[in-house]
Amino acid sequence: AQSVTQLDSHVSVSEGTPVLLRCNYSSSYSPSLFWYVQHPNKGLQLLLKYTSAATLVKGINGFEAEFKKSETSFHLTKPSAHMSDAAEYFCVVSLYNQGGKLIFGQGTELSVKP
Amino acid sequence: DAGVTQSPTHLIKTRGQQVTLRCSPISGHKSVSWYQQVLGQGPQFIFQYYEKEERGRGNFPDRFSARQFPNYSSELNVNALLLGDSALYLCASSLLTSGSRDEQFFGPGTRLTVL
């Protein structure tokens, strides 16, 4: 079965410091992995996606993630946090044999202190 | 270009009632998926439709049903509402040309409250 586990329910950083949001996945196939962000009272926005091309994936707003098959991880990073990054972040796996059904992690709430 | 639109934005119902939620996909997208997001959790897959055919169904009771129209818009129906159906219902559309690699674009959601 395919699943994702987000290792932290809440992460707090200071503005200007690095961000690390951790995600481990489980998949019998070569997975397609995504990170989505959800700001309060807003819909979900795609940050970046991995689909078996380059293992280091660059997304919007300075975010990037590295696919590590040996560790079954897909952690999200950003060198310098901005106040506007405060939001809920979801690590997501897409089911290979079910036409794109998305399985979401439980989410990580990112707080950014001034 | 308009993104995915959903209506209504908010809805309040009482237990036992029925509700219909609506979704219009991005122009050119033929696949629509529905997700339920309970407060404090990640979205859970309910249905996927492609070219008016059901392509996938999540672990939800038969009280939940959906359909897709010739213009690719979709409706989600929930009968005999329970308190536990209170959630944000999200609609997503995609091209579905490369299966699991396609990006899904989400609408702002419909907030359903069941009293």
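In what follows, every chain begins at residue 1, and chains take the letters A, B, ... in the order their sequences are listed. These figures come from a predicted structure and were not determined experimentally. The figures that follow rest on heavy atoms only: side chains count, while hydrogens, waters and symmetry mates do not.
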> A:Y89 pairs by ring-ring contact (aromatic ring centres under 6.0 Å, His included) with which of A:F63, A:F34, A:W35, A:Y36?
Replying inline: A:F63
>> Quick check on the interface: out of A:G43, A:G107, A:P31, who has the most heavy-atom pairs with chain B under 4.5 Å?
In response: A:G43
>> Counting the benzene-type ring for Trp, do A:Y50 and A:F67 have ring centres under 6.0 Å apart?
In response: yes
> Between A:Q38 and chain B, which part of the residue has a heavy atom less than 4.5 Å away: side chain, backbone, both or neither?
Replying inline: side chain
> Which is it for B:D85 and B:R63 under the salt bridge (charged side-chain N to carboxylate O under 4.0 Å, His left out) test, yes or no, and what are the steps along the way?
Replying inline: CA-CA 11 Å; B:D85 295 332; B:R63 299 185 296 106; 2.8 Å; yes
> Between B:F105 and B:H29, what is the ring plane arrangement, given parallel below 30°, perpendicular above 60°, and tilted in between?
Replying inline: tilted
> Which bit of B:Q6 is near chain A, if near means a heavy-atom gap under 4.5 Å: side chain, backbone, both or neither?
Replying inline: neither
